[in-house]
Amino acid sequence: MALNSDGTSAIRYQQLSDGLFQKFSDLVYEKTGIFLKPEKKELLNARLGKRLRATGIDSFKEYYEFVTHDRSGDELVQLIDSVSTNFTSFFRENSHFEILTSTVLPAFVKEGRGKNKDILLWSSASSSGEEPYTMAMVVDDFACHHPGMRYRIMATDISTRVLAQAKRGVYADERIAKVPRPFLKKYFQKGVGSSDGYVKVKEDLRRMVQFDRFNLMGDFPWREAIDVIFCRNVMIYFNRETQQELVNKFYQALTPGGYLFIGHSESISGLKHNFTQIDATAYIKR
């Protein structure tokens with residue numbers, strides 16, 4: 001690899017060809033279900049360029065060969081991390097959390113759920129943790145008024161990078177702008193000194209959420225039925241066939257009377273399913 005006099009890389013990376021873009025697109029789709037449209041070519045070009053610099057590989061063709069022949073699978077994980085979109089925020093699309101407290105959790109309490117068995121909630125694309133921590137705050141606050149209610153929150157994502165951030169639970173002050181003031185005091189620690197400008201999720205809240213890496217295209221490994229699934233702003237990256245497969249898997253994973261929440265920009269109305277719609281982007285398994 002050619003180097004400048006200061007030791008930095010002197011490589012000029014060529015533009016990703018249409019043929020290689022298709023190969024990488026097929027690989028990403030095969031492994032994750034994410035469908036990269038042709039207009040994503042420039043984005044992929046830029047993100048793969050970062051992986052070339054990180055690995056010291058000279059061309060996209062060599063990098064493709066490296067990824068597909070790496071038996072450890074480590075670089076494939078890095079590639080997926082690079083192409084995954086992980087925008088999120090606390091209390092994003094807050095109407096879902098309002099439905100959780102006004103409709104879902106009261107119904108569960110009335111049915112007696114959470115007495116002898118945990119109410120199980122799953123953030124299926126947890127990103128850097130804001131969604132599952134919001135779920136934990138909302139459910140914990142509700143449970144404070146319903147003593148004895150048991151619950152558990154699972155959080156999964158395909159990206160190891162964002163999961164590491166989620167487990168740390170450290171966020172810049174601007175990331176908590178939508179968190180209600182009482183929740184800020186109850187669930188966050190304010191950073192001081194070198195940590196000024198940051199907050200950390202308190203240990204009690206962090207313990208409520210179990211983070212794991214999981215690919216939604218894989219078989220769901222949980223034997224117990226799930227009561228609430230959040231899968232928001234994920235299916236927009238999948239084609240119709242993958243969306244159909246995922247919705248079917250969610251339906252099978254939910255307990256009767258369980259709920260599915262999807263993103264406000266998404267819809268499953270064009271898919272075949274047995275869910276009953278209770279709100280614009282909220283569904284129940286009857």
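Hydrogens, waters and symmetry mates play no part in the numbers below; they use all other heavy atoms, side chains included. For clarity, every value in this text was computed on a predicted model and none was experimentally measured.
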> With distance as the sole criterion, is a donor-acceptor pair present between the side chains of Tyr171 and Ser128 under 3.5 Å?
Replying inline: no
> Can you list the residues that meet the salt bridge (Lys or Arg N to Asp or Glu O under 4.0 Å) rule with Glu266, with sequence neighbours excluded?
Replying inline: none
> Could you give the distance from OG1 (Thr88) to CD (Glu130), rounded to the nearest 0.5 Å?
Replying inline: 5.0 Å
>> For Ile158 versus Arg213, what's the shortest heavy-atom pair and its separation?
In response: O-NE, 2.9 Å
>> Can you tell me which residue among Trp222, Phe230, Phe211 is in a ring pair (Phe, Tyr, Trp, His ring centres under 6.0 Å) with Trp122?
In response: Trp222
> Do Gln244 and Asn248 have side-chain atoms, one donor and one acceptor, less than 3.5 Å apart?
Replying inline: yes
> Is there a side-chain contact between Arg181 and Lys185, using heavy atoms and a 4.5 Å cut-off?
Replying inline: no
> Which word best sums up how the rings of His273 and Phe275 line up, parallel for under 30°, tilted for 30 to 60°, or perpendicular for over 60°?
Replying inline: tilted
> Ring centres of Phe108 and Tyr151 under 6.0 Å apart?
Replying inline: no
> What about Val170 and Phe90, same hydrophobic cluster or not, with Ile/Leu/Val/Met/Phe/Trp/Tyr joined at side-chain heavy-atom distances under 4.5 Å?
Replying inline: no
> Which pairs, with at least one residue in residues 276-286 and sequence neighbours excluded, count as a salt bridge (charged side-chain N to carboxylate O under 4.0 Å, His left out)?
Replying inline: none
>> Can you give me the closest heavy-atom contact between Ala280 and Gln277, atom names plus distance?
In response: O-NE2, 2.9 Å
> Centroid-to-centroid, Phe97 to Phe261, below 6.0 Å?
Replying inline: no
> Hey, quick one: are Ile284 and Ile226 part of the same hydrophobic cluster, counting side-chain heavy atoms closer than 4.5 Å, chains of contacts allowed?
Replying inline: no
>> Determine whether the aromatic ring centres of residues Phe220 and Phe214 are separated by less than 6.0 angstrom.
In response: yes
> Does atom CD of Glu39 have more than 12 heavy-atom neighbours, drawn from other residues, nucleotides or ligands, at distances under 6.0 Å?
Replying inline: yes
